[in-house]
Structures are given as structure tokens and as C-alpha cells.
There are 2 protein chains.
Amino acid sequence: MSTMRQVAERAGVSAKTVSRVMHDDRYVSADVRQRVERAIAELGYVPNVLARTFRSGRDAVIGVAVPSISDPFFAALTGEVERVARARGVAVLVTSIGTDPAHEQAAVHALLGRQVTGLIMAPVAADQSYLRPCQDRTVIVFIDRPPARIVADSVVEDDLGGAHAATTHLLRHGHRRVGFVGDTLAIATTARRLEGYRAALADAGIDPDPGLVALTAASDEDSAKALVDLLSLPEPPTALFSSNARTSIGIIPALQAAGRTDVGLVSFGDFPLAAALQPPVTVIDQDPASVGRTAATRLFERLDHPNRRLKRRIVLPVPLISRGSCRGRPGPDCG
Amino acid sequence: MSTMRQVAERAGVSAKTVSRVMHDDRYVSADVRQRVERAIAELGYVPNVLARTFRSGRDAVIGVAVPSISDPFFAALTGEVERVARARGVAVLVTSIGTDPAHEQAAVHALLGRQVTGLIMAPVAADQSYLRPCQDRTVIVFIDRPPARIVADSVVEDDLGGAHAATTHLLRHGHRRVGFVGDTLAIATTARRLEGYRAALADAGIDPDPGLVALTAASDEDSAKALVDLLSLPEPPTALFSSNARTSIGIIPALQAAGRTDVGLVSFGDFPLAAALQPPVTVIDQDPASVGRTAATRLFERLDHPNRRLKRRIVLPVPLISRGSCRGRPGPDCG
DNA sequence: TTTCTCTATGTCACCGGTGACAGACAACGG
DNA sequence: CCGTTGTCTGTCACCGGTGACATAGAGAAA
């Protein structure tokens with residue numbers, strides 16, 4: 001890879017002049033411009049972005065830190081962030097934090113050390129105060145889950161409202177024993193969805209049965225097992241609220257295997273083919289692309305206008321898409 | 001953000017000594033080490049990775065360029081690359097190329113300009129010769145599709161063999177009119193899968209009917225439309241080979257809507273819930289994680305041992321997972 | 001003609017960490 | 001007491017592009 005000075009030498013000019021050509025500076029004669037452009041082409045010169053941005057102290061890169069990029073939800077979200085960033089010529093550095101809270105700080109520091117101008121992250125740990133010192137030079141936008149012990153922008157879905165709506169929807173279809181299937185309360189969104197579920201039961205005057213709450217559905221296998229356990233209770237649930245798309249994808253095959261497609265189901269989070277299943281799955285439409293777009297847009301807004309006053313917390317609505325899985329065996333129609 | 005010299009000043013030492021502490025250099029007295037560590041903690045010092053790697057000319061970053069990170073296949077692949085890279089302390093820069101071949105070079109140059117040590121990319125254009133000048137300083141591994149007009153490592157699936165197996169599988173279940181649903185021949189994998197499909201028909205002594213080949217399934221809507229068109233032919237196909245998971249996800253709801261779940265189906269590429277559908281979908285298991293792992297492993301192997309001689313082309317087998325959607329209405333059992 | 005402006009190009013320091021190299025001092029063997 | 005070796009710390013240049021500033025010639029204005 002050649003450097004700017006090599007190009008300069010070949011064109012018989014100074015490095016600065018090459019820099020001027022690269023930046024379409026007005027004050028370059030046609031003759032010189034042509035010679036430099038030829039030299040650039042001949043050497044296949046690609047400017048060293050590191051050097052440029054190193055000088056200015058800040059790189060045109062934003063970091064994205066999510067639990068897992070493989071997760072379709074975060075993949076779609078990241079993809080949208082990247083779209084917005086690319087439109088502005090900003091690169092995107094991606095890191096998977098994993099689910100271990102202890103690893104969050106290391107993963108985020110790896111990004112900060114690269115002098116990212118902005119950071120979009122889904123917090124996993126219970127405390128993000130370690131990010132405070134960085135806030136004067138790096139804009140941080142939290143996604144999916146609100147941050148703790150730090151003031152920053154966040155873009156979250158309406159977990160509480162969505163869970164409430166989902167549960168209420170099942171209750172309206174005549175279900176009285178509604179189960180909750182989730183991964184773990186350590187994840188803030190799950191905790192809030194459980195809260196919404198409980199609130200809906202309370203609003204309907206139904207006594208919550210702790211035995212109907214399964215918080216072990218971390219993997220597909222665990223989800224399936226949690227389902228089997230719930231269905232083999234003496235008084236099994238007639239409907240389930242699945243607290244995210246992954247648990248839904250885990251329990252649906254198990255439901256089918258058990259021949260219990262009569263069990264009502266609402267999934268927090270849409271997923272491919274939800275409409276093609278029998279019965280089609282009613283979902284709370286938690287749109288990852290819109291979270292990504294909103295977060296990236298906010299990030300750049302902060303970068304462009306550091307002094308503008310904006311509401312810290314953006315809560316995206318999560319509409320319910322009724323498809324049919326909400327009614328019980330002899331249930332009434334969805335509406 | 002503080003610099004190394006600021007830390008040095010606070011600790012009353014030179015910048016170089018701070019550097020030594022950061023690198024656990026043997027020749028630092030316990031006293032000095034402690035003072036420096038205190039200063040680092042007090043200032044919340046995070047070393048500037050840019051500066052360090054800028055000096056050495058190479059950054060501990062690898063680039064990943066795929067058509068779209070939102071695509072679950074590439075998301076899973078990228079996730080696995082990131083896992084392997086993270087285990088080595090190497091960061092991952094991700095770029096979506098999109099489907100426009102003209103954009104490929106710009107997207108890749110954006111990564112190269114950041115001095116990535118390695119590049120994992122799924123080519124979209126018909127010519128990658130523009131990458132030749134970079135090869136002496138950047139290791140390139142192509143994924144999913146082989147490169148053109150350039151010699152480099154590639155990790156691809158056995159498109160030809162997989163498509164052949166899928167088609168043959170349908171033929172063995174008594175189907176004689178097997179349709180092909182794909183996006184576009186501009187994508188190399190689709191072209192090779194069509195080739196495999198045709199070869200399987202030829203091996204079975206069946207005259208290929210060009211009318212059964214639909215190459216318009218770029219989006220879910222287009223896939224659905226392609227399916228409807230195929231089924232309304234005077235002599236419609238009794239089975240379909242869907243050339244990738246996305247087209248499958250597009251045509252399955254349409255199949256269900258048309259009440260034609262009797263139509264045989266094999267999908268190139270597994271997808272969530274394929275087993276939970278009615279009937280469960282037989283697939284060619286194209287494992288994105290293993291592509292990612294293999295590519296990343298090869299990349300680091302090249303970086304660690306630049307002179308080792310290795311086979312350029314790695315073809316991953318794609319096993320067929322028979323689930324039931326392959327048989328026709330009154331068909332025999334799957335094998 | 002002088003002065004000023006505009007154009008076109010060059011020089012140089014600097015960003016922040018680090019490799020090469022240079023001391024300085026202590027300990028130790030002869 | 002000197003030479004040698006080992007330990008600890010500092011100085012300085014450098015990576016590559018760019019901002020600040022200088023300079024030089026051309027033409028215009030005074």
C-alpha cells in the first residue's frame with residue numbers, strides 16, 4: 001500500500017498538494033491535479049483513514065455493542081444502524097457482548113479505545129456508570145434496555161404496555177389461566193414484560209399463579225422443556241405469553257409435538273413465518289429496524305447539535321398483530 | 001479522554017514508562033508501577049488504539065463485508081467470525097455491500113482504508129481483480145461465493161451438490177415436474193444451484209421445462225407472486241426447489257394461502273421453525289456459523305503462517321435434512 | 001509603479017503511542 | 001577498584017495525513 005508522499009513524489013509535488021487533490025481543494029491547477037490523479041491511479045493509492053482521523057483525534061466510526069449479532073433481532077437492528085451510518089460515510093464497528101454482565105465493560109472499552117464518535121449499545125450489566133467519563137467525547141445511545149446509574153439517551157420498546165396488551169388480549173379471548181414464558185429476570189426487558197403481564201392480570205381481577213411463570217427458557221431446548229413442564233401441571237395454562245421471539249421459536253415446535261395447538265399464544269416479538277404457522281401466531285410487533293433507525297438518527301442528531309435539548313427517553317410503541325393463535329379451542333373470533 | 005503523557009505527568013514519570021506499565025514490562029519498579037496504575041485509574045485512561053496501531057501500520061481489526069447484515073444467514077456468519085476474532089482480541093468492522101455490484105468496491109475500500117489486517121467478504125460483483133494490489137498486506141478470504149479474476153482463499157458451500165441432492169430427493173419421491181424458485185442469476189450461488197438442479201433432472205432423464213424456472217423471487221412479495229404464477233400454469237409443478245431460505249420464507253405463506261401444502265418442497269438453507277410447519281420443511285442444511293468459523297480460522301491461519309501452503313478453496317458439505325415436505329400428496333415415506 | 005488580492009504550492013509541526021537507543025545506577029566477580 | 005551484567009528510566013524519532021502558516025507569481029486596483 002502506498003502513502004501520500006509516494007504519490008507526491010511520483011507526481012512531482014508535495015504531499016500537501018496530493019491531500020488537496022484528494023479533498024477537491026479549489027486551489028489546484030488542472031495540470032497538477034491531472035498528474036496527481038494519474039499517480040494515484042497508477043499506485044492504487046488508498047488514503048490511510050487511521051492517519052487522518054488520528055490527527056483529528058476522532059474517527060468517523062460508531063460502535064455497536066449488542067448481546068449477540070447472530071440474534072435476528074439485533075442483526076436487523078445493527079443492519080439498520082449501518083444503513084444510516086453508511087449514508088453519512090461513517091463506519092460501524094460491531095461487538096457482541098454476550099450475556100455475561102462481567103464482559104460488558106471490556107467489550108465496550110474495546111470500542112472506546114478505537115476513538116469511536118458514538119456508541120449504540122444494549123446494556124447487559126446492572127450498572128453503566130463506568131461510561132460517565134467518556135460521555136464528554138462520545139455520544140452514547142442505549143437500545144432495547146434502559147441504562148442504569150448514568151444519564152444518556154435510550155430507545156426502548158414499550159415492554160410494559162406491550163406485555164399488558166398481549167396478556168389482556170388473551171384474557172379477552174376467554175383465557176383465565178395464562179402462563180408466562182421468559183428467559184431470565186436478569187434481562188431488564190424480560191423483567192418489565194413480566195411486570196406488564198402481572199399488571200394485566202391484576203387489572204382483570206385475576207389472582208396470579210406463580211406456578212404459571214417459567215423463567216428458564218434461555219435456549220430452544222430449555223424453552224421446550226419449560227413448556228412441557230407447564231402443560232403437565234395439575235391445572236395447566238390454557239394460554240401462554242412468550243416474552244420474546246426466541247422463546248416463541250423454542251416453544252412452538254414443542255407445542256406442535258405435544259399436539260397442543262389449542263393453547264393460546266401471543267409472542268412478544270414478530271418472527272418470520274409467524275403468519276404461516278397453524279394457527280398463525282399473534283404477536284407484539286417489536287420492530288428492530290425502527291429501533292436501529294431511531295437510535296442511529298438520535299446519535300447523529302446529538303453529534304450534529306451537541307447543545308440541542310432533547311427528551312432522553314424514546315419509547316417506541318409495539319402494536320399487537322392479531323393472527324389467530326390467541327383464541328382457545330372453542331374460542332370466539334379475534335378482533 | 002486523557003492521553004498517556006497526561007498519565008505520565010500525574011505519576012511523575014515519562015510517557016514511555018506508562019507504556020511499559022501498560023505492557024507489563026519486566027523492568028518497572030514496584031513503586032513506579034503503583035504510581036502509574038493509580039494515575040491510570042484516577043484519569044480513567046483508555047489507551048488510544050488508533051495511535052498504537054497507526055504506528056505499527058496495521059490495526060488489529062478485520063473487516064467483514066456481506067450483502068446485508070440483516071440477512072439471518074450473514075448475521076449468523078458474522079456473529080461466528082466475531083466470536084473467533086474476539087477470542088484473539090481482534091475487532092471486527094462490518095459493512096453491508098448491498099446487492100448493487102457497483103457499490104462493492106467502495107464498500108471494500110472503506111474497510112481497506114482502515115488498514116484492516118484481514119478481510120472476509122461475500123463478493124457481489126463479477127470481478128475482484130481490483131483487490132490484487134492489497135493482497136500483499138491484507139489477507140482476503142471470500143465466503144459464500146468464489147471470487148473472480150483473483151487468486152484468494154474461499155469458503156463456499158457445495159451449491160452444485162446440494163441442489164443436485166435436493167432435486168434428486170424430490171424426484172425419488174415420485175415428482176416429475178419440479179420447479180425452481182430463485183432470486184437472480186446475478187448471484188453466483190443461485191446460478192450454481194440452478195446448475196445443480198438441471199444436472200439432477202438430466203441425470204434422471206427428465207426434459208427440463210424452462211417454464212418451471214422462476215428467477216424473480218427477490219423479495220417476499222415477489223416470491224409469493226412467482227409461486228402463484230407457477231401454480232397457475234397449465235401444467236403446474238408438483239414440487240419446488242427453493243434456492244435459498246429467503247425465497248422459502250417468501251413462498252411458504254403463499255403455498256399455505258393457496259391451500260397447496262401438498263406441493264413438494266425442499267429449501268436450500270435451513271430456517272427457524274422449518275420443522276414446526278405443516279408439513280415440516282425438508283432442507284439442505286447450509287450452516288452459516290460453520291462458514292464463518294472456517295473463514296475466520298483460515299484468515300488467522302494465513303496471518304500467523306504467511307508461507308504455509310494451503311488449498312485455496314474450501315467447500316463445505318451441505319447435508320440434506322429430510323422432514324416431510326418432500327413427498328407429494330399420496331407419496332411414499334421419506335428416506 | 002506600488003500595493004493589494006487571489007491563486008497555487010510548499011513547509012512544518014503535530015496527533016499519541018512505541019521502537020531503538022542511551023544513560024544511570026546497583027550488584028557482583030575477579 | 002575496575003569491568004561487566006542486569007535493572008530501571010528517559011529521549012527522540014517516527015508512523016501518514018492535515019491544519020496553520022508562509023511564499024511566490026499573476027493580475028487588478030490605486
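- Of the candidates dG16(D), dC8(D), dG10(D), the closest approach to any side-chain atom of R55(A) belongs to dG16(D).
- Counting non-hydrogen atoms under 4.0 angstrom, V32(B) reaches the backbone sugars and phosphates but no base.
- Taking side-chain N and O atoms only, T17(A) has a distance below 4.0 Å to OP1 or OP2 of dG10(C).
- Enclosure of atom CD in E9(B) is not indicated, since only 12 or fewer non-hydrogen atoms of other residues, nucleotides or ligands lie within 6.0 angstrom.
- With the end axes of the helix from dT1(C)-dA30(D) to dG30(C)-dC1(D) each set by five pairs, the angle from one to the other reads 60° at 10° resolution.
- A sub-4.0 Å separation between OP1 or OP2 of dT9(D) and a side-chain N or O of S29(B) is present.
- To the nearest angstrom, C1' of dC12(C) lies 10 Å from CZ of R5(A).
- Residue R38(A) qualifies as open at atom CZ: its count of foreign heavy atoms under 6.0 Å is 12 or below.
- Classified by interplanar angle (parallel below 30°, tilted 30° to 60°, perpendicular above 60°), the ring pair H109(A)/Y130(A) is perpendicular.
- At whole-Å resolution of the value, CD in Q6(A) and C1' in dG17(D) are 14 Å apart.
- Nearest-nucleotide positions on DNA chain D for M4(A) and R20(A) put M4(A) closer to the 5' end.
- The distance from atom OH of Y27(A) to atom P of dT9(C) is 13 Å, rounded to the nearest whole Å.
- Residues D183(A) and T190(A) bring a donor and an acceptor atom of their side chains to less than 3.5 Å of each other.
- Distance from the side chain of R26(A) is smallest to dT7(C) among dT7(C), dT9(D), dG16(C).
- Looking at heavy-atom distances under 4.0 Å, V28(B) makes contact with sugar-phosphate atoms alone, never a base.
- OP1 or OP2 of dG17(D) lies within a sub-4.0 Å distance of a side-chain N or O belonging to Y45(A).
- In this structure, R114(B) places its CZ atom 14 Å from P of dG17(D), rounding to the nearest Å.
- Atom CD of Q34(B) has 12 or fewer heavy atoms from other residues, nucleotides or ligands within 6.0 Å.
- Toward the 5' end of DNA chain C, the nearer of the two residues V49(B) and K16(A), judged by each one's closest nucleotide, is K16(A).
- Contact annotation: side chain of R52(B) to base of dG19(C), donor-acceptor pair absent below 3.5 Å.
- With F73(B) as the partner, the side-chain contact (heavy atoms from CB on, under 4.5 Å) test is satisfied by one option alone out of P67(B), S68(B), P288(B): P288(B).
- Taking only side-chain atoms of A15(A), from C-beta outward, the nucleotide of dT18(D), dG16(C), dG10(D) with the closest atom is dT18(D).
- Note that the OG atom of S19(B) and the CE atom of M4(B) stand 4.5 Å from one another [nearest 0.5 Å].
- Between D25(B) and K16(B) there is no salt bridge, since no side-chain N of the basic residue sits under 4.0 Å from a carboxylate O of the acidic one.
- Atom CZ in R35(A) sits about 14 Å away from atom C1' in dG10(C), given to the nearest Å.
- Of the listed nucleotides (dG17(D), dC15(D), dG17(C)), dG17(C) has the atom at the smallest distance from the side chain of A51(B).
- Applying the 4.0 Å criterion to OP1 and OP2 of dT18(C), one finds that S19(B) has a side-chain N or O inside that range.
- Taking atom CD1 on I40(B) and atom C1' on dG16(C), their separation rounds to 15 Å, with Å as the unit.
- For the pair F54(A) CZ and dC15(C) P, the interatomic distance rounds to 9 Å; values are reported in whole Å.
- One interatomic measurement links the two molecules: CG of D25(A) to P of dC6(C), which rounds to 16 Å at whole-angstrom precision.
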